[in-house]
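To start, the structure under review is shown below, and the notes come after it.
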Amino acid sequence: MASLELSHVFRVIGGGQTVLHDIDFSAHHGELISVVGPSGCGKSTLLRSIAGLEEVTSGDIFIGGNRVNDLQPQQRRIAMVFQNHALYPHMTVYQNLAFGLRARRVARSVVEARVRRTAVRLGLEALLGRYPRELSGGQKQRTALGRAMLRDPEVFLLDEPLSSLDVPLRSEMRRELMALHKSLGMTMVYVTHDQSEALSLGERVVVLSAGKIQQIDTPQEIYGNPQNRFVAAFVGWPPMNFLNGEILGAHANDTQNVEYGIRPERLMLQQHAADDLSVSGRIECIESLGGVWQIEIIHNGGRLIARVPPDAALRQDAELRLWFNQTDLYAFNRTTGTRVKVNR
Amino acid sequence: MKSISGPLFVLPALTLIALFVLIPFLGVLGLSMTNFDIYVLASSANLHFIGGANYAHLFHDHAAWQALETTLTVVLAGVPATLALSLICALMIESIAPRWRGLFRTAFFLPVVCSTVAVAISWRYLLNTRYGLVNHLLLAVHLPALNWLGSPTLAVIAITVVVVWKGFGYGMIILAAARREIPEELYDIARIEGAGVRRQLLSITVPILAPTLGLLALLDVAGYWQLFAEPYVLTQGGPMGSTMSLLLLMYDRGFRWWRWGIASALAMVLTIIMWLFAWLQRHTKTSWREG
């Protein structure tokens with residue numbers, strides 16, 4: 001039985017704007033789903049709708065098999081972690097952790113025991129007497145996580161929980177989150193605008209744009225088999241290169257309505273197979289990223305980015321031919337953006 | 001050059017403070033220990049140093065004690081009432097539809113920017129026993145008309161009401177701004193955690209606004225101790241001296257009876273009282289930031 005299920009969920013706000021358009025997916029028990037999309041795509045609204053902080057216009061939401069549309073947030077068996085941690089500034093870590101239990105009138109001794117156990121688990125036991133302003137970013141994040149864990153939720157909702165942390169801390173917290181997810185075995189919905197975070201954390205990834213689900217799949221499939229141009233362009237960094245059909249004379253039969261895509265890391269300096277295709281242009285800039293170089297070439301006025309091994313022979317403004325395997329080529333309908341089979 | 005640039009920068013402010021605070025303060029302190037009165041105005045030969053005699057006189061003066069009681073009553077009743085009203089209106093304004101906010105904010109803030117004398121005169125008409133709107137409304141709901149400014153108790157209540165009405169808009173604006181600074185996520189979390197509206201107010205809103213409330217309390221206390229214009233216009237200190245505030249008494253002694261020595265001693269007493277209150281408030285923990 002799915003632990004979280006959204007069935008044809010719509011959300012229309014005043015003024016007739018559709019923020020969520022026919023959202024339909026389910027997460028089975030213990031699954032970690034990441035929801036990714038550009039800002040304003042509706043991902044936070046989606047999460048808040050699941051939490052019950054916002055109402056949906058139509059459609060049903062099920063948590064643990066029960067329809068929760070008409071339930072208050074505290075009745076939905078969910079917990080939520082916010083980007084800015086949302087800790088109460090006037091309460092200590094202990095009071096922050098205990099707030100929900102106190103609000104539900106749990107006995108003081110039980111509160112004490114549960115808060116301590118959670119604090120030990122998250123390495124917060126030495127910080128219980130501190131105020132949020134005396135905590136580092138990671139400690140604040142752990143406190144917010146602890147508070148959510150104390151709700152013992154069926155579904156754990158995380159709204160960009162790592163984006164306010166600096167980069168090294170972020171990857172550390174990401175590992176902690178994954179470990180936590182494994183040990184708690186809870187269903188998690190993880191919202192982020194960072195596609196790499198979405199891919200690395202999610203067992204499945206929901207790509208959202210303009211309130212519509214573009215694709216739901218495993219990270220490998222999202223990256224390797226994008227269903228439309230939006231997903232192809234949004235996922236992967238540096239982003240996929242897009243080329244007009246004419247450039248690749250080989251597929252002349254539908255050049256008018258097809259756009260081709262090739263990932264930067266699939267472009268090569270040498271030909272490897274006899275039927276490899278190539279594209280050439282002037283080197284606009286060379287960026288050394290240590291073990292890999294990022295090269296930008298201008299071809300027919302278009303711009304292509306390639307990731308190649310360092311090569312001292314490369315010079316700016318020189319002509320360069322880049323090769324790629326035909327199987328690495330994606331094709332999209334120019335008007336609808338949907339993926340089409342590459343013609344040979 | 002560097003060593004004198006600092007003092008030079010503060011010099012204008014220090015000059016103004018010396019001119020308008022320090023020198024008058026010392027002058028009043030000096031005057032309070034003389035017998036300065038209308039006879040001294042006639043001939044300075046009548047001026048004598050009398051030490052603490054004015055203070056001793058005040059200590060035995062029934063009017064001074066009554067003025068202290070009246071002023072203290074207005075402070076103790078008015079400050080909490082003002083803060084409560086400010087808070088309620090601030091929270092109300094922040095929770096209603098944005099298009100109504102401007103209207104209410106203006107309506108509540110208007111008394112603050114109005115001249116106190118004009119406000120007091122309007123209220124004198126509103127509170128008029130025979131023709132006043134207040135009694136008119138009371139009669140309309142079959143309640144007895146009251147002699148608002150003619151009864152000692154009612155007059156103090158009426159003046160407190162006017163003072164609160166005139167002042168709460170200021171705190172409301174400050175509190176509304178402070179409320180807007182509280183992230184909405186704190187309330188989202190509270191809803192998820194199952195905290196109701198009452199608990200949200202008492203456990204989140206009020207504690208977070210506490211430092212702001214403390215600051216407003218300090219300002220209000222200082223302001224209300226200096227109660228003057230409202231009783232001056234509404235009641236002239238009457239009936240039977242019941243609405244005579246310390247400042248009004250000082251004005252009465254100083255400019256009606258020309259007893260500047262006594263008036264100066266009263267001013268000193270008021271200064272000391274206000275210092276005491278400010279000191280007390282500074283050392284009361286109203287702020288979680290400092291804790």
Side-chain angles (χ1 to χ4, degrees), chain A residues 14 44 47-54 68 71-92 95-106 111 129-134 143-153 155-157 159-161 164, chain B residues 83 86-87 90-91 94-102 174-218 281-291:
Chain A
S44 282
L47 208 63
R48 294 173 62 84
S49 302
I50 299 171
L53 296 170
E54 284 181 37
V68 296
L71 295 184
Q72 289 296 310
Q74 80 263 24
Q75 299 166 320
R76 292 195 178 194
R77 307 207 50 203
I78 53 102
M80 195 158 169
V81 176
F82 288 91
Q83 175 179 356
N84 63 7
H85 320 305
L87 298 177
Y88 300 119
H90 57 293
M91 296 185 194
T92 61
Q95 290 167 327
N96 265 288
L97 291 174
F99 182 79
L101 296 171
R102 291 253 176 87
R104 276 171 280 148
R105 304 190 192 288
V106 175
V111 173
R130 292 215 196 153
Y131 286 91
R133 64 174 182 280
E134 300 164 334
T143 309
L145 275 172
R147 177 171 61 183
M149 282 161 62
L150 277 160
R151 277 193 59 68
D152 226 349
V155 178
F156 213 103
L157 306 169
D159 191 359
E160 309 232 4
S164 61
Chain B
L83 291 179
S86 297
L87 183 63
L91 297 180
E94 285 305 304
S95 62
I96 58 174
R99 63 192 179 122
W100 293 108
R101 269 180 212 163
I174 307 268
L175 285 169
R179 169 62 185 81
R180 226 167 301 145
E181 291 293 306
I182 304 178
E184 280 311 307
E185 283 90 351
L186 295 190
Y187 296 97
D188 289 340
I189 280 288
R191 283 176 65 198
I192 290 173
E193 301 259 36
V197 176
R198 218 175 72 95
R199 202 178 181 97
Q200 288 178 27
L201 177 72
L202 296 179
S203 299
I204 304 173
T205 311
V206 171
I208 293 181
L209 293 180
T212 312
L213 285 166
L215 172 75
L216 289 171
L218 189 74
Q281 281 180 298
R282 266 197 71 87
H283 290 80
T284 313
K285 194 189 156 194
T286 54
S287 161
W288 45 267
R289 276 179 223 281
E290 287 164 10

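Every chain is numbered from 1 and lettered A, B, ... according to where its sequence line falls, protein lines coming before strand lines.
- For A/Leu150, no part lies near chain B; criterion is any non-hydrogen pair under 4.5 Å.
- In this structure, B/Arg191 contributes its side chain and A/Gln74 its backbone to no donor-acceptor pair below 3.5 Å.
- Within the 4.5 angstrom heavy-atom criterion, only side-chain atoms of A/Asn84, from C-beta onward, approach chain B.
- For A/Ala148 against A/Pro153, the heavy-atom pair with the smallest separation is O-CD, 3.7 Å.
- In this structure a side-chain-to-backbone donor-acceptor pair under 3.5 Å is missing from B/Glu185 to A/His85.
- With a threshold of 4.5 angstrom between heavy atoms, A/Tyr88 approaches chain B through its backbone and through its side chain.
- Panel note: side chain A/His90, backbone B/Val206; no donor-acceptor pair is recorded below 3.5 Å.
- The choice from A/Arg76, A/Arg48, A/Gln72, A/Gln75 that makes the most heavy-atom pairs within less than 4.5 Å of chain B is A/Arg48.
- If you measure heavy-atom distances from B/Arg199 to chain A, the contacts under 4.5 Å come from the side chain alone.
- A donor-acceptor pair under 3.5 Å is formed between the side chain of A/Arg151 and the backbone N or O of B/Ile192.
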